[in-house]
Amino acid sequence: MALGWHVYTCARTSDISILDRDLRRSPAIAGGQVNLTVLLNQPGASQAYADAMESATADILIFAHCDVFFPEGWFERFEWEIERLTRLDPNWAVAGVIGVTAGGNFVGRVWDCSLAPLFAETGGLFGTALKEPVQVVSFDELVLIVRRDAGVHFDRKLPGFHLYGSDIALEAERRGRTTYALDIPLIHNAKAQLHVGPDYVEAYRYMVRKWGKRLPTPTTCGVLTTNPFVLPYRRMKVRYKALFRQSTYSTARLADPSLKASELGISRLLIIPPEQALPMTQSDDARKPGDTAESVLPKSERAVSEGIQFRAQADNSGPYRIQTLRSREEIEPFREFWNACAPGRDSDLDFYLFVTEHIDGCLRPHVFVLLEGETPRALLAGRIDIAKIPIKAGYFALPVNELKVLRIVHGGALGELNSERARLLVASMIGSLSAGEADAAMFESVTVNSPLAECARALPSRFCSDWLSEAIPHRMWDMSDAVGPFQSQLSSNARYQQRKRAAKLKSSFGNVRIEGFHSPGDLPKLMTSAETIAEKSYQRGIGVGFLRTPFVEARLAFEARMGWLRGFVLYLDNQPCAFWIGSLRNGAFVSNYLAFDPTYSDYSPGMYLLLIAMEEIWADGSAVRLFDFGGGDAPYKERLANVCIEETQIYIFAPRLKPLAINALRSTIGAVSHSIKRSETLAPQLQKLKRWLRSRAAKRA
């Protein structure tokens, strides 16, 4: 890969002496091998660099502080790192020398004047060697490397000289591009910043307005968040450090950075390593730098900087890594693997993408892919929603704040999952929570004793764990071995009861008919009839079940276009009184909505409709092999199902105040509720109250 690159820097007239002392002294720049453009007296770095990109002709653009010194051999190592990165990930857009992972870990190596007192053991050198480029979510702006053809640009409206490294990383993410930290150590001849000035505050507030729905995200200066108390607290900490922690920073600068580079032997660190360097084995969200003989952090700092390393071995001893996908563009390359995993309706890739793009409150997809080398082996399909975590006392919901919830969809665990792979995937979820990408994670439905469920309960800390997960029956009627007409699959009593229902309906109503709805043209009548019934049902009274919303209409239209929709409505004397709506896909019918008008409850219209609809589905040549009645229990499910899987819903909460407070309240209310349910005295009274509330809800509806 033939590369051309160009270095840009912003400087004020008063910075010329610093520019001459540091950046211009870099051997490759001083010798004329590398071109340098100085952008003098600019109103803001982001605006200046955006203008520079418009007129640039080089393939790779390097934006550096004027107090950066590139040691001997830096650009040779830089070219090798860029070529390696392009081979590893052709989708990359921005790279840097120091970055922050989604888990909040700093990666990269640099000698920085202001940090030198913290790392006396290493002569002031911060960071560790990296075996390969590490994916990050934000950068220190001392050096930014931008691939010109990636279509990612600086924001002209971002004021001042701060946070443009975080902004361009977020812009790359929004465009489906990736961002990396590279192992190219250098000298940053900077003095410590002893206060957070109004220029930083202005840039911070602009970023909050621009990226509010995506925040929080870690940066090298702290977490960028919509929480209004974080920035004032950070400003106080910086002032405290300036006044009382002078031994932890330096305001002195080197007279000749080349001497320090020689003293530290940075040129030796820049020697291009052998091609057989080991691949990374960690999650993108919890990846640590590779352990080598060049690791230089003191033990206490290394523990903070590196985070937790996860390594597993496949059956053929290949290393695993986790890749996090946050957009349709990042997901599409995995379509073949995704479809090969035989996903269910909710985790069907096209259905999943439709939901993430249309459902209210969804911010974006969030998918974890476990790879062995470059081969995907398993994934967790999730999305990040703005939602409330329900805290209920019976049918009464307590008011709670909205959170960003990382929701793993029903059936979203795909591929070959053993205990070790499940542990890696759950650990990556926890890393996303720690990084502030979400406040809580939730498995919508996971088998109780599966490796995923065990890891979701075991890996989080005590206060972040879900103490209320309980088994929920998921009943299905497996008809894989059934032969003959549908009626022959029913018990003699079920057939007898169905004949009684039919006779009772025909004797009471002049016109009894069931209509089927399958195509997009059927939707208006189906929606109108279903809403007429649902608004009278007890489900509507307690806020569950079918509700005619734009999303539900769009969803059913999508299913109709895919050929999945199966809707049935029972009409008595032309009045709709019961409906059943579901999806028939790959031989499995999944129940979505079922309700009846309580006015007709003496006729058991729901059960009557259910059996007639199942008979029609069985007979229509679609080779149905499974009727999935969904999670939760009901008398009709117990009568019809021959398979019951115990599933559970599990939450994991981020280690921050608001999520932990909600978890504590939820756990307290849940513990009281469980105690009442187990009480021999109170449990019968609770059941009476439940029946009364349902009846009252139906009347109110």
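Scanning all heavy atoms of the two residues, the minimum distance from Ile472 to Gly631 falls at CG2-C, 4.4 Å. The nearest pair of heavy atoms linking Gly415 to Phe337 is CA-CZ, 4.4 Å. When all heavy atoms of Pro451 and Leu417 are compared, the closest pair comes out as CG-O, 4.5 Å. Across Cys455 and Ser419, no two heavy atoms sit closer than the pair SG-O, 4.0 Å. Heavy atoms only, all atoms of each residue included: Ala456 and Phe443 are closest at CB-CE1, 3.7 Å. Summarising the geometry of Leu144 relative to Gly165, their closest heavy-atom pair is CD1-CA, 3.9 Å, with the distance given to 0.1 Å.
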Checklist entry - When you look at Asn592 and Ser583, which way does the side-chain contact (heavy atoms from CB on, under 4.5 Å) test go after all the steps? => result CA-CA 7 Å; Asn592 290 336; Ser583 306; 3.4 Å; yes
Next on the checklist: side-chain contact (heavy atoms from CB on, under 4.5 Å) for Val152 and Ile168? Distances and angles first, verdict last.
Outcome noted: CA-CA 7 Å; Val152 175; Ile168 198 169; 3.5 Å; yes
Checklist entry - Can you check side-chain contact (heavy atoms from CB on, under 4.5 Å) on Val355 and Cys362, steps first, answer last? => result CA-CA 8 Å; Val355 171; Cys362 180; over 6 Å; no
Checklist entry - Could you go step by step and tell me if Arg475 and Asp633 meet the salt bridge (Lys or Arg N to Asp or Glu O under 4.0 Å) rule? => result CA-CA 8 Å; Arg475 299 188 185 273; Asp633 231 342; 2.6 Å; yes
Item to check | Worked verdict on Val400 versus Ile389 for side-chain contact (heavy atoms from CB on, under 4.5 Å) | outcome: CA-CA 7 Å; Val400 292; Ile389 293 178; 5.7 Å; no
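Inspection of the Asp167 and Tyr206 side chains reveals no N or O donor paired with an N or O acceptor under 3.5 Å. Using a 3.5 Å distance cut-off with no hydrogens or angles, the side chains of Asp155 and Ser46 do not pair a donor with an acceptor. Side-chain contact of His366 with Thr324: a donor-acceptor pair under 3.5 Å is absent, judged by distance alone. A donor and an acceptor atom, one from each side chain of Asn418 and Arg377, are nowhere located under 3.5 Å apart.
Remark: Leu414 CG to Leu380 CG distance equals 8.5 Å, nearest 0.5 Å. One finds the NE2 atom of His162 at 9.5 Å from the OH atom of Tyr164 (value rounded to the nearest 0.5 Å). Glu372 CD to Tyr320 OH: the interatomic distance, rounded to the nearest 0.5 Å, is 5.0 Å. Note that the SG atom of Cys464 and the CZ atom of Phe653 stand 9.0 Å from one another [nearest 0.5 Å]. In this structure, NZ in Lys388 is found 10.0 Å from CD1 in Ile662, a value given to the nearest 0.5 Å. Interatomic distance, CD1 of Ile322 versus CZ of Arg421, reported as 10.0 Å (0.5 Å rounding).
Taking a 6.0 Å sphere around CG of Leu657, one finds it holds 12 or fewer heavy atoms contributed by other residues, nucleotides or ligands. Within 6.0 Å of CZ on Phe551 lie more than 12 heavy atoms contributed by other residues, nucleotides or ligands. Counting heavy-atom neighbours within 6.0 Å of Arg335 CZ, excluding the residue itself, gives a total above 12.
Glu646 is linked by a side chain to side chain donor-acceptor pair (under 3.5 Å) to nothing, counting only residues two or more places apart in sequence or in another chain. For Asp112, the side chain to side chain donor-acceptor pair (under 3.5 Å) partners at least two apart in sequence or on another chain are Ser114, His188. Qualifying side chain to side chain donor-acceptor pair (under 3.5 Å) partners for Glu647, counting only residues two or more places apart in sequence or in other chains: Ser445, His474. With sequence neighbours left out, Arg666 forms a side chain to side chain donor-acceptor pair (under 3.5 Å) with Asp466.
Between the side chain of Ser138 and the backbone N or O of Pro218 there is at least one donor-acceptor pair closer than 3.5 Å. In this structure, Ser428 contributes its side chain and Leu424 its backbone to a donor-acceptor pair below 3.5 Å. In this structure, Trp467 contributes its side chain and Arg462 its backbone to a donor-acceptor pair below 3.5 Å. Without hydrogens or angle criteria, Glu444 side chain to Val409 main chain gives no donor-acceptor distance under 3.5 Å. For Arg326 (side chain) and Arg174 (main-chain N/O), no donor-acceptor pair under 3.5 Å exists by modelled atom type. No donor-acceptor distance shorter than 3.5 angstrom exists from the side chain of Arg321 to the backbone of Leu371, with no hydrogens or angles considered. Remark: the backbone N or O of Ser347 is paired with a side-chain donor or acceptor of Trp338 at under 3.5 angstrom.
Under the 4.5 Å side-chain criterion, counting only non-hydrogen atoms from C-beta, Phe161 is not in contact with Asp199. Counting heavy atoms from C-beta on, the side chains of Leu370 and Leu379 never come closer than 4.5 Å. Contact check for Arg548 versus Glu553: side-chain heavy atoms found under the 4.5 Å cut-off. Using a 4.5 Å heavy-atom cutoff, the side chains of Tyr204 and Leu224 are in contact. Side-chain contact between Asn663 and Ser667 is present, with at least one heavy-atom pair separated by less than 4.5 Å. Within the 4.5 Å cutoff, no side-chain heavy atoms of Ile359 are placed close to those of Phe354. When side chains are defined from C-beta on, Ser432 counts as touching Phe368, because their heavy atoms get closer than 4.5 Å. No side-chain heavy atom of Ile98 sits less than 4.5 Å from a side-chain heavy atom of Glu141.
Remark: Arg383 is not positioned above the aromatic ring of Tyr352, lacking an NZ or CZ atom under 6.0 angstrom from the ring centre and at most 45 degrees off the axis.
The aromatic rings of Phe558 and Phe351 sit tilted relative to each other, their planes meeting at an angle between 30° and 60°.
Residues in residues 219-234 take part in these side chain to side chain donor-acceptor pair (under 3.5 Å) pairs, two or more places apart or across chains: Tyr200-Arg234.
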Show the atom names and distances, to 0.1 Å, of all donor-acceptor pairs under 3.5 Å that link a side chain in residues 401-408 to residues at least two apart or in another chain.
residue: Lys404; atom: NZ; partner: Arg214; partner atom: O; Å: 3.3
residue: Lys404; atom: NZ; partner: Leu215; partner atom: O; Å: 2.0
residue: Arg407; atom: NE; partner: Asp385; partner atom: OD2; Å: 3.0

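Ion pairing between a basic and an acidic side chain is recognised when a charged N comes within 4.0 Å of a carboxylate O; Arg177 and Glu330 show no such pairing.
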